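Only one structure is covered here, and it is reproduced in the block below.
All heavy atoms count here, side chains included; hydrogens, waters and symmetry mates do not. Small disclaimer: the values here were computed from a predicted structure and weren't measured.
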Amino acid sequence: KQEVTQIPAALSVPEGENLVLNCSFTDSAIYNLQWFRQDPGKGLTSLLLIQSSQREQTSGRLNASLDKSSGRSTLYIAASQPGDSATYLCAVSNSGYALNFGKGTSLLVTP
Amino acid sequence: NAGVMQNPRHLVRRRGQEARLRCSPMKGHSHVYWYRQLPEEGLKFMVYLQKENIIDESGMPKERFSAEFPKEGPSILRIQQVVRGDSAAYFCASSPYRDVDTEAFFGQGTRLTVV
């Protein structure tokens with residue numbers, strides 16, 4: 001059974017800092033890995049999708065890496081802003097459609 | 001192109017009542033997925049449906065829960081005889097087809113409170 005763990009559970013940083021969120025998974029036979037953002041009381045916004053054959057994806061100030069063999073992914077956020085405050089979720093797919101989610105990292109960026 | 005629409009956004013039910021949650025996928029999407037997020041827990045996959053077919057319901061509780069995606073109209077997640085433990089946020093996602101390269105788009109969720 002796939003288990004997805006995200007560390008840290010919560011993080012508070014001052015504006016402008018670069019930061020790294022970690023995700024680990026127990027079953028490396030994945031099709032893809034996605035990072036999402038969830039704002040309080042809102043839905044999920046997909047940030048980056050990495051296929052199992054890829055090592056990283058970039059979008060703006062976000063960079064996600066994937067090391068499938070070790071069961072790890074990191075989300076790097078450059079030059080953090082207060083608007084980045086949200087919960088970041090990591091999810092992996094072993095079936096090609098169903099996603100297994102971690103519990104998330106709650107990020108607070110202070111001005 | 002509107003996103004995935006879920007309604008109602010908030011639903012309060014008394015124990016024993018029925019809850020019906022609706023999900024309208026994005027235009028052109030024929031694949032729908034339901035997830036449940038319990039308090040302090042991660043999202044858990046419940047069911048995957050295509051038009052008129054249930055493809056995978058391995059995450060659905062065996063009793064009281066059912067889902068459908070008719071030829072016309074939204075997908076419905078139905079919870080009969082709700083209990084306090086059903087209180088959660090229920091999210092729907094949709095995709096145009098089933099493919100490992102395809103990301104699913106999520107709705108804003110229905111927050112069910114059972115009192």
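Within 6.0 Å of atom CE in Met5(B), 12 or fewer heavy atoms from other residues, nucleotides or ligands are found, so the atom counts as exposed in its surroundings. For Lys42(A), the NZ atom sits in a loose shell: 12 or fewer heavy atoms of surrounding residues, nucleotides or ligands are nearer than 6.0 Å. Heavy atoms from other residues, nucleotides or ligands lying under 6.0 Å from CZ of Arg64(B) number more than 12. Heavy atoms from other residues, nucleotides or ligands lying under 6.0 Å from CZ of Arg15(B) number 12 at most.
Heavy-atom pairs under 4.5 Å with chain A peak, among Ala93(B), Ala89(B), Gly42(B), at Gly42(B). The choice from Gln37(B), Arg9(B), Glu40(B) that makes the most heavy-atom pairs within less than 4.5 Å of chain A is Gln37(B).
Taking hydrophobic clusters as Ile, Leu, Val, Met, Phe, Trp and Tyr residues chained together by side-chain heavy-atom distances below 4.5 Å, Ile55(B) does not share a cluster with Phe69(B). Under the 4.5 Å side-chain heavy-atom criterion for ILVMFWY residues, no single connected hydrophobic cluster contains both Leu43(B) and Leu21(B). Linking ILVMFWY side-chain heavy atoms closer than 4.5 Å, directly or via other members, places Leu62(A) and Leu19(A) in a single hydrophobic cluster.
Of the atoms belonging to Phe105(B), not a single heavy atom falls under 4.5 Å from chain A. If you measure heavy-atom distances from Gln38(A) to chain B, the contacts under 4.5 Å come from the side chain alone.
Between Leu99(A) and the options Tyr33(B), Phe45(B), Phe106(B), a side-chain contact (heavy atoms from CB on, under 4.5 Å) holds for only Phe106(B).
Of the inter-residue distances, the one linking Lys44(B) atom NZ with Asn100(A) atom CG reads 7.5 Å to the nearest 0.5 angstrom.
Taking non-hydrogen atoms and a 4.5 Å limit, the residue list of residues 73-85 of chain A in contact with chain B is empty.
Annotation for Phe91(B) and Gly43(A): closest pair CE2-CA, 3.7 Å, computed over non-hydrogen atoms.
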